[in-house]
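Computed from a predicted model, the values in this text were never measured in an experiment. All residue numbers in this chain count up from 1 along the given sequence.
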Amino acid sequence: MNEFALIERFFADPAAHEPPPSWLRLGIGDDAALLAEENGWETAITCDTLVEGRHFLAGTDPEALGWKALAVNLSDLAAMGAVPTGFLLALTLPEADEPWLTAFACGLFACARRHGARLVGGDTTRGPRALTITALGRVPAGEAILRSGARAGDDLWVSGQPGRAALGLAVRLGALPSTLPGAREWIAALDRPEPRLALGCRLRGLAHAMLDVSDGLLGDLRHLLERSAPPFLTAEIEVARLPLDPLVAGGAPPERARAALLSGGDDYELLFTAAPESRDQTLLLGRELGLPLSRIGRLVPATAHPMVLIEPDGRRTLPEVLGYDHFCACKEYP
């Protein structure tokens, strides 16, 4: 049973067949839930946990960890086109280590100040180290970008440079040399991801569907395709359009760079779809924000497979690995 099958089996709302309450605009299944307000806005709310040994290594710099714990939640708000407002922190610690807590709080509040989020509550308890944040944001009513809006014919875009965090982890684990030209940048991407909040807000009305890349580009793309309304869709990814060159220029072997970009995860870039007529506007937006936006493929009416890679020589292949799953050791393409 993988992570999402577990949620569906045990935590699908038993009342889902009933009309939703008036205050609930969107429930389980997207990057954040949406709650109605009375003044033309909606509240976006999301929750994420980082566990030592699962999401970060023992001995990780606590200041970087404080930043990342909040940033990964703000990334979910970015994926909805929401502006952060506040957050709650539930902190489980093996002991009250004052130097660790000082550094962790420094990183946490640095991220909060940068993105305009206020700590408004939470909880602390003793146990194996785990960090849970619930983040709150606001988005104009009806303007949130959902996973379910993708359409046949849409272009598929990704922001920034996916793949760096997975390569940074490889460096940290000794699988790649720390002397490679890109090693420092990759580790920085792993430790201090930058939630794409400005991009998410600017994509309102432009992107049809969007999510953030946390478990691998292909793995998260699958979730977007699964939420699309009938007729269902297939993603055709053009390998020649993937932003692989900067990873290779940083010293990553080409095949490792490709695997990191497609299925590495922990990047917190935005993956979104938009109409082909919006290409110039999308590229201009990227230039205005100083953020590369790569058009990596398109969506077509469903074929036999949900995702197809179009190789530079024109061959059509299937992905072998999709991404990370907390509960499923097998990552093979189904």
Shortest non-hydrogen contact between [X] and [Y], atoms and distance:
X      : Y      : result
Thr317 : Arg258 : OG1-NH2, 4.5 Å
Arg138 : Arg204 : O-NH2, 4.5 Å
Leu217 : Pro162 : CD1-CG, 4.4 Å
Ala130 : Val51  : CB-CG2, 4.2 Å
Ala135 : Leu77  : CB-CD1, 4.1 Å
Ala209 : Ile145 : C-CG2, 3.8 Å

Please answer: with hydrophobic residues joined when any side-chain heavy atoms are less than 4.5 Å apart, are [X] and [Y] in the same cluster?
X      : Y      : result
Leu203 : Leu289 : yes
Leu224 : Val158 : yes
Leu156 : Leu225 : yes

Test His305 against Thr234 for side-chain contact (heavy atoms from CB on, under 4.5 Å), laying out the working first. CA-CA 7 Å; His305 302 284; Thr234 286; 5.9 Å; no
Among Thr60, Asn73, Asp61, Asp266, side chain to side chain donor-acceptor pair (under 3.5 Å) partner for Lys68: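 So, applying the side chain to side chain donor-acceptor pair (under 3.5 Å) to Lys68 and each of Thr60, Asn73, Asp61, Asp266, only Asp266 qualifies.
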Counting only heavy atoms not in Asp245, do more than 12 fall under 6.0 Å of its CG?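 Atom CG in Asp245 is not packed in, count stays at 12 or less.
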Let's go through Phe109 and Leu70 carefully: what are the C-alpha distance in whole Å and the side-chain angles of both, what is the deciding distance for side-chain contact (heavy atoms from CB on, under 4.5 Å) to 0.1 Å, and is it a yes or a no? CA-CA 9 Å; Phe109 286 116; Leu70 181 55; over 6 Å; no
Option among Glu311, Glu236, Glu238 that satisfies the salt bridge (Lys or Arg N to Asp or Glu O under 4.0 Å) test with Arg316: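 The option that passes is Glu236.
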Could you point out which residue of Arg241, Arg298, Arg279 forms a salt bridge (Lys or Arg N to Asp or Glu O under 4.0 Å) with Asp155?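 Going through the options one by one, the only one that passes is Arg279.
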Can you tell me if [X] uses its side chain to pair, donor with acceptor, with the backbone of [Y] under 3.5 Å?
X      : Y      : result
Thr102 : Glu98  : yes
Asp212 : Tyr268 : no
Ser159 : Leu270 : yes

Test: Asp191 and Arg172 ion pair at under 4.0 Å: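 Looking at Asp191 and Arg172, the cut-off is met.
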Side chain to side chain, [X] and [Y], heavy atoms closer than 4.5 Å:
X      : Y      : result
Glu63  : Arg192 : yes
Thr85  : Thr43  : no
Pro319 : Leu309 : yes
Phe104 : Asp97  : no
Ile133 : Val72  : no
Phe87  : Leu108 : yes
Ile237 : Leu221 : yes
Leu57  : Leu173 : yes

Parallel, tilted or perpendicular: which one describes the rings of Trp157 and Phe272, with boundaries at 30° and 60°?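 It falls in the parallel class, under 30°.
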